[in-house]
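Values reported hereafter were calculated over all heavy atoms of this structure, with side chains retained and with hydrogens, waters and symmetry mates removed. Throughout, residue positions are numbered sequentially from 1 according to the sequence presented. This structure is a prediction, so every number in the text was calculated from the model and none was measured.
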Amino acid sequence: MGEFAETLNGYVSIVNGWVWGPVMLILLFGTHVILTIRTRVIQTHIFKAIKLSVTKDTLAEGDISQFGALTTALAATIGTGNIVGVATAVAVGGPGAVLWCWLTGVVGIATKYGEALLAVKYRVKTNDGTMLGGPMYALELGVGEKYGKSFGRICGIIFALLAGIASFGIGNMTQGNSISGMVQNNFHVPNWITGLVLAVLTGVVVIGGVKSIATICEKLVPLMAFFYIIGCIAIICINRAYILPALKEIFSSAFSARAAGGGFVGASVITAARYGIARGLFSNESGLGSAPIAAAAAQTRNPVRQALVGMTGTFWDTVIVCALTGIVLVSSIIKDPVALEGLSGGDLTSGAFNAIPGVGPIVLTIGLITFAWSTILGWSYYGERAWEYLLGKKAIFPYRVLWVLVVFVGCVTALDLVWNIADTLNACMAFPNLISLLLLSGVIVSETRKYLWEDNLDTNSTDVIPQIKN
């Protein structure tokens with residue numbers, strides 16, 4: 001990194017520390033808690049939601065199936081955050097960060113539910129029948145209706161602009177760089193070759209739009225998640241003597257400051273919470289406002305059905321996958337603190353997976369490649385919809401071409417600065433989205449009452465979907 005980039009990275013780090021400070025943590029975690037209470041602990045319906053996620057609703061309006069919308073969202077969320085992000089949280093925030101990450105996922109299920117509900121409630125239809133939705137439309141139509149059209153429109157533009165820019169960082173360059181780095185370290189393939197192959201594969205899928213992306217994600221996501229989970233379970237079995245000490249360390253460190261030692265950094269409670277919550281958001285995106293963009297395209301009879309399906313994404317991503325990663329990392333550090341001392345991010349996870357004789361690095365490499373590539377596919381759709389909201393349909397093709405080119409750039413570029421900028425933009429995206437969730441929480445409650453509490457999940461929505469020119 002050059003001198004200018006290092007200086008800029010220092011300033012971005014300062015801004016990053018501010019936007020991820022106490023105000024953001026309180027707003028994010030507070031929204032999770034408020035929506036959990038207002039939806040009467042929607043998390044208790046998780047098994048009903050899982051059943052709905054694999055139930056086709058073909059008679060409803062939408063571009064892709066409910067499962068397709070879920071896997072597209074999961075493709076974007078189950079990524080390097082589950083592997084690199086959790087490891088970074090543990091390395092910097094200590095083992096207590098794992099619990100904060102997990103708690104963020106548990107209560108964040110309610111926020112993911114609310115986001116998806118509003119996305120379907122306020123989605124619009126173009127003159128060619130395409131469904132568009134997400135926080136920008138909820139802000140413009142929902143918040144605008146209640147608090148003034150100009151205010152809603154401005155908030156929608158701000159969110160879309162931040163999402164459109166952030167997509168190239170969180171959903172593209174950082175993911176491509178993780179893939180090329182892992183392939184180079186394990187198979188000694190030059191970064192430019194990985195970048196070229198990845199760009200071509202991405203272009204083939206992205207050019208077909210959301211239906212093409214959903215088709216790939218429906219097949220890729222279940223396979224990649226199963227493959228990675230099996231690897232984590234194998235390590236947990238190998239480290240079985242250290243699992244209880246690891247759980248004890250995770251719980252005790254989450255609520256009490258501790259000195260460095262035993263292979264862990266010293267970390268305060270606020271540091272553990274900050275990195276756990278931030279990495280939880282980076283991983284499951286509850287409150288970020290990205291996943292609802294895919295939810296809006298789903299074939300669903302009413303907003304609540306897709307909201308239930310959408311909230312399972314946070315369950316699988318954080319409550320299951322991130323929790324397994326955290327236990328693997330902490331138990332591995334306790335088992336062999338010398339070997340893993342000083343490691344962070346992907347290196348720490350790689351060190352933990354070395355516990356699987358012979359195939360550990362291969363399992364992790366395949367997991368990271370599929371996780372990161374699926375994130376590139378999912379976020380390509382999010383960014384496309386953001387720029388379409390800002391500039392119209394004419395922006396779609398140039399955006400797709402640029403997206404593919406940036407995949408290559410990400411594979412051959414050092415990205416410390418990009419990671420920091422992505423973190424900052426994530427927080428900035430979350431602010432308008434969380435505001436819309438709080439301002440429209442009454443709508444979330446009324447829709448939940450109409451369809452879930454009064455047992456009308458199979459009832460078609462009476463909402464008229466507005467049609468717009470594109």
Side-chain angles (χ1 to χ4, degrees), residues 35 39 42-43 45-77 109-126 128-138 141-142 209-211 213-215 217-218 221 285-286 289-316 378 381-382 385 436-437 440 443-468:
L35 291 180
T39 58
I42 197 68
Q43 292 89 335
H45 296 278
I46 190 65
F47 295 110
K48 179 186 293 184
I50 292 171
K51 182 179 178 180
L52 279 175
S53 69
V54 293
T55 303
K56 289 187 177 180
D57 200 6
T58 53
L59 297 178
E61 287 191 277
D63 300 330
I64 55 178
S65 68
Q66 289 183 309
F67 186 67
L70 172 63
T71 53
T72 300
L74 275 173
T77 55
I109 288 173
T111 299
K112 186 64 72 72
Y113 169 85
E115 290 176 316
L117 189 154
L118 294 179
V120 177
K121 173 73 175 176
Y122 294 108
R123 65 182 176 177
V124 300
K125 186 194 300 183
T126 65
D128 63 3
T130 301
M131 293 289 187
L132 303 176
M136 51 278 203
Y137 294 95
L141 301 177
V210 67
K211 292 183 180 179
I213 294 170
T215 299
C217 290
E218 283 181 359
V221 169
E285 298 178 11
S286 291
S290 50
I293 298 174
Q299 296 167 341
T300 183
R301 298 183 193 184
N302 57 66
V304 171
R305 283 179 71 96
Q306 185 56 35
L308 288 168
V309 172
M311 78 182 196
T312 65
T314 298
F315 173 80
W316 294 120
Y381 178 67
Y382 297 161
R385 287 296 180 247
S436 74
L437 284 165
L440 297 175
V443 175
I444 296 170
V445 172
S446 64
E447 291 291 302
T448 304
R449 178 182 295 109
K450 183 194 298 184
Y451 295 108
L452 182 61
W453 298 340
E454 296 178 4
D455 198 22
N456 292 317
L457 273 181
D458 293 330
T459 302
N460 290 336
S461 173
T462 56
D463 293 333
V464 177
I465 302 176
Q467 189 161 338
I468 63 169

*asked:* One pair to check against side-chain contact (heavy atoms from CB on, under 4.5 Å): Leu308 and Ile42. What are the steps and the verdict?
replied: CA-CA 9 Å; Leu308 288 168; Ile42 197 68; 4.2 Å; yes
*Smallest separation among heavy atoms of Tyr113 and Thr448, with atom names*: OH-OG1, 2.7 Å
_Measuring from atom CD1 of Ile46 to atom CD1 of Ile109, what distance do you get when rounded to the nearest 0.5 angstrom?_
4.5 Å
*Give the minimum heavy-atom separation between Gly134 and Ala119, together with the two atoms involved.*
N-CB, 4.1 Å
_Check: Lys121 main-chain N/O paired with Asp463 side-chain donor or acceptor under 3.5 Å_ = no
*Taking Arg305 as the fixed residue, which of Thr300, Asp458, Thr55 is the one that meets the side-chain hydrogen bond (donor to acceptor under 3.5 Å, both in side chains) rule?*
Asp458
*Can you measure from NZ (Lys51) to NE2 (His45) and round to the nearest 0.5 angstrom?*
14.5 Å
*Which distance, rounded to the nearest 0.5 Å, do you find between the CD1 of Ile293 and the OG1 of Thr72?*
12.0 Å
*Please tell me if the side chains of Asn302 and Lys450 come closer than 4.5 Å, counting only heavy atoms from C-beta onward.*
no
_So which atom in Tyr451 and which in Thr462 form the shortest heavy-atom distance, rounded to 0.1 Å?_
OH-N, 4.0 Å
*Can any side-chain N or O of Arg123 pair as donor or acceptor with the backbone N or O of Ala298 at less than 3.5 Å?*
yes
*Look only at the side chain of Asp63 and the backbone of Ala297, and say whether a donor-acceptor pair between them is shorter than 3.5 Å.*
no
_Minimum-distance pair of heavy atoms, taken over all atoms of Thr39 and Ala110_ = OG1-CB, 4.3 Å
_Full working for side-chain contact (heavy atoms from CB on, under 4.5 Å) between Val304 and Asn456_ = CA-CA 10 Å; Val304 171; Asn456 292 317; over 6 Å; no
*So how far is it from Leu117 CG to Met311 CE, rounded to the nearest 0.5 Å?*
11.5 Å
_I need the Leu52 CG to Phe67 CZ distance, nearest 0.5 Å._
13.5 Å
_Can you tell me how far apart CD1 (Ile64) and CE (Met131) are? Round to the nearest 0.5 Å._
11.5 Å
_With salt bridge (charged side-chain N to carboxylate O under 4.0 Å, His left out) as the criterion, how do Glu115 and Lys112 come out once you've worked through the C-alpha distance, each side chain's angles and the decisive distance to 0.1 Å?_
CA-CA 5 Å; Glu115 290 176 316; Lys112 186 64 72 72; 5.3 Å; no
_Closest non-hydrogen atom pair, Ser53 against Thr312_ = CB-OG1, 4.5 Å
*asked:* Looking at every non-hydrogen atom in both residues, tell me the closest pair between Tyr137 and Leu132 and how far apart they are.
replied: OH-CD1, 3.4 Å
